[in-house]
Amino acid sequence: MTTTATRSSRTHRAERDELDPTPWPLALLCGAVGGALALLAFPPYDLWMLLPVALALLSVAVLTRSAWIALLSSLAWGLAFFVPLTEWANTYAGTMPWVALGIVQALYIVLFGLLARTVMVRRGLTPSTLIVVSALWVAVETFRSHVPWGGLPWGASGFALADSPLLNLGPWIGMAGMAFVVAALGQLLARGVLTLAGRRRSALGGLAGVWPLALAIAAVLATMVVPHPANRAPEGRPTMTVVGAQGSMDPIDPVALTMPEGVFENHLEVTNEATTAYQQQGQQIELIVWPEDSTTYDPRQDPYRGNALTDAATRAGAPILVGTQTAVGEHHRYNHSVLWTSEGETPYVYAKRHPVPFGEFVPARDFFRMITDKVDLVGRDMLPGTEVGLLDLEALELGQGKVGVLICFEIAYDTLIMDTVDAGAEMVVVQSNNALFGDSHEAIQQLAEAKVLAVVTGRSVVHVSTVGHSAIFSPEGRRLDFVDHWEQGYVSAEVPLRTGITPAVAGGIWIAIGISALGLLGWIGALSTRHRAVARRTPRREQARRSTR
C-alpha cells in the first residue's frame with residue numbers, strides 16, 4: 001500500500017468516526033432531563049431502565065466543542081439528580097445544608113463529564129471509548145463514595161437495580177461492576193441514537209446505529225438467566241429464627257429534633273407481642289433485633305430500661321440486640337449496638353464504624369460554623385468504632401450463628417458489609433432510625449440498598465427501623481417479611497444462613513480499583529492522540545461542508 005493510500009485510509013477512518021457536536025441549548029437540555037430521568041430510576045419510582053437512558057443523555061450533553069458547555073451540562077445533570085434525591089436532608093438539617101449537599105454531589109458529575117468529554121471528543125464513539133468512559137463512571141462513583149470524610153455512596157448506580165434483572169450480576173461483579181454495566185448500556189444507547197440521527201458519520205450510514213441498541217437490549221435480556229453463585233448453608237443449621245421489632249413513634253418535632261416519649265415502651269410492646277405469637281405456635285425465637293436509638297437512653301445506665309429488657313429477654317428465651325447512644329465526655333458519643341441477655345448481661349457491643357459527616361459529626365466545625373449555625377444541631381460528634389461488627393452467638397454460648405452488625409447508613413457502604421462477611425457473618429442485621437427524615441424517600445431508598453447488598457454479598461439482611469421501612473431479604477433478594485412506614489409491628493422469618501463467598505466479596509474493593517485504573521489509563525491515552533472526532537470548524541472546513549450539500 002502506498003503512502004498516499006495509507007493516508008487516504010486514515011482519513012476515511014477519521015471521517016467515519018467524526019461526530020457533530022451537540023448544540024449548547026440541546027446540551028443543557030439533555031443534562032437537565034438526564035438528571036431527572038436518573039432520579040426516576042431510584043426508589044420510590046423504581047424505573048431502573050431509565051438510568052442507562054440518563055447516562056446516554058449525559059454523554060450527549062458533554063459531547064460539545066466547548067468544555068464550559070460540557071461543564072454546565074453535567075452540572076445540570078448532577079443538580080437535577082442529587083438535589084431531589086437527597087431531599088431527606090432538608091427534614092433534618094434545613095434547606096441550605098440540603099442544597100449544599102446536592103451541589104457537592106453534583107460536582108462529581110461535573111468531574112465525570114469533563115473526563116468523559118476528553119475521551120469522546122478525541123476518540124469518537126469507538127468500542128474503546130465505551131470501555132474507557134464506562135470505567136471512568138466507576139472511578140468517579142468510587143471516588144464519590146469514599147472522599148471526603150468517608151464519602152457518600154447514596155445514589156450509586158447499583159442501588160437503582162433492586163428490581164432489575166441486572167442485579168443478577170451483583171454477586172459476580174459487585175457494585176462497581178454493575179455501575180460499569182449500566183454506564184456501558186448508556187454508551188451503547190448514545191452511540192445508537194447519535195448514529196441513527198445522523199450525528200455520527202459511519203460507512204454504513206444511519207443503519208450502524210441499530211446494532212448498539214440491539215446489543216443493549218440483548219445484554220439486559222441475557223442477565224435474566226444469570227445464575228447466582230453456589231452458596232451453602234452452615235452444616236446442620238440452614239436458618240435462624242429472627243424477630244425485628246418496629247415500635248414506631250409520633251413524628252419528631254422538626255424544631256427540637258428530639259425523640260418523642262414512648263419509643264422504648266413501643267418496642268417493648270412489639271417484642272412481647274412477637275414472643276406471645278411464637279410461644280402460641282410452639283416455636284422458639286433465637287434473636288430479637290431492635291432498631292438504632294430504640295432505647296432513648298442507654299439501658300446500661302438506666303435501671304428501668306435495663307430491667308425491662310432483662311424481663312423481655314427472659315420471656316422470649318432469646319437475647320435482644322438493641323440500639324443506643326453512649327455519651328463520651330462532654331463533646332462526643334458512640335452509636336452502639338448492645339446485646340442484652342436474660343441474665344441482664346451485655347456480652348457484646350458494636351460501635352458504628354462510619355459516622356455520617358455533618359449528620360453525626362461535623363468536620364472542621366469552627367470553619368463551617370462561620371457559614372451556618374446548623375452545625376450546632378449536632379451537639380456531640382460521634383466517634384467511629386474500630387472493630388468489624390460480628391456477633392458470634394455460639395462463642396457467647398447464646399445459641400448458634402454468626403451475625404454481621406451494621407447501623408443505619410452503613411448499609412450504603414459495600415466495603416463495610418463485605419468486611420462483616422469476610423469476618424464470618426452468616427447473615428447481616430441493619431439497625432436504623434429513619435424517624436429524623438419524616439415522610440421523605442430516605443427510608444425506602446435505604447431499604448433498596450439493603451436488598452441490593454444482600455444479593456451482592458450472598459447474605460440475608462434483616463433491616464429493622466424505628467418507624468420503617470423494615471424488611472428481611474434472603475441472599476437471593478427475596479423479601480421474606482415487611483412492615484411499612486410509620487406502622488407498629490415486627491418482621492420475622494426463618495432467616496437463611498450462608499457461608500459461601502461470592503466473587504464480588506472475594507474481589508472486594510479491588511474490582512472498583514481495577515475498573516477505575518482502566519478508565520484513568522484510557523483517559524491518559526486519549527490525551528496523547530492528536531485526532532479530534534469533534535473538531536473546531538474552520539472557514540475551509542465550513543466551505544467544504546456547504547459544497548457537499
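The structure presented is a predicted model; accordingly, all values stated were derived computationally and were not measured.
- Less than 6.0 angstrom separates the ring centroid of Trp88 from the ring centroid of Phe409.
- Between the side chain of Arg144 and the backbone N or O of Leu152, at least one donor-acceptor pair lies under 3.5 Å.
- More than 12 heavy-atom neighbours from other residues, nucleotides or ligands sit within 6.0 angstrom of CH2 on Trp149.
- The two residues Asp163 and Lys451 come nearest to each other via the heavy atoms OD1-NZ, 3.0 Å.
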Output, in order, the C-alpha distance, side-chain angles, deciding distance and verdict of side-chain contact (heavy atoms from CB on, under 4.5 Å) for Glu449 and Val430. CA-CA 11 Å; Glu449 295 166 359; Val430 182; over 6 Å; no

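- A donor and an acceptor atom, one from each side chain of Thr129 and Thr126, are located under 3.5 Å apart.
- Note that CG of Leu194 and OG1 of Thr22 are 6.5 Å apart. Values are rounded to the nearest 0.5 Å.
- One side chain, Asn434 or Ser465, offers a donor N or O that lies under 3.5 Å from an acceptor on the other.
- For the pair Trp211 (side chain) and Gly192 (backbone), a donor-acceptor distance under 3.5 Å is absent.
- Here the side chains of Leu453 and Ile411 are in contact, with some heavy-atom distance below 4.5 Å.
- Remark: the His463 side chain and the Gln446 side chain contain an N/O donor-acceptor pair separated by less than 3.5 Å.
- Side-chain contact check for Trp137 and Ser157: at least one donor-acceptor pair (N or O, by modelled atom type) lies under 3.5 Å.
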Test Arg498 against Glu426 for side-chain contact (heavy atoms from CB on, under 4.5 Å), laying out the working first. CA-CA 5 Å; Arg498 294 292 184 268; Glu426 298 165 341; over 6 Å; no

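- Counting only N and O atoms by type, the side chains of Glu442 and Ser440 include no donor and acceptor under 3.5 Å apart.
- A side-chain donor from one of Gln445 and Trp154 sits under 3.5 Å from a side-chain acceptor of the other.
- Taking the six-membered ring where the residue is Trp, Phe42 and Phe81 present tilted rings, their angle falling between 30° and 60°.
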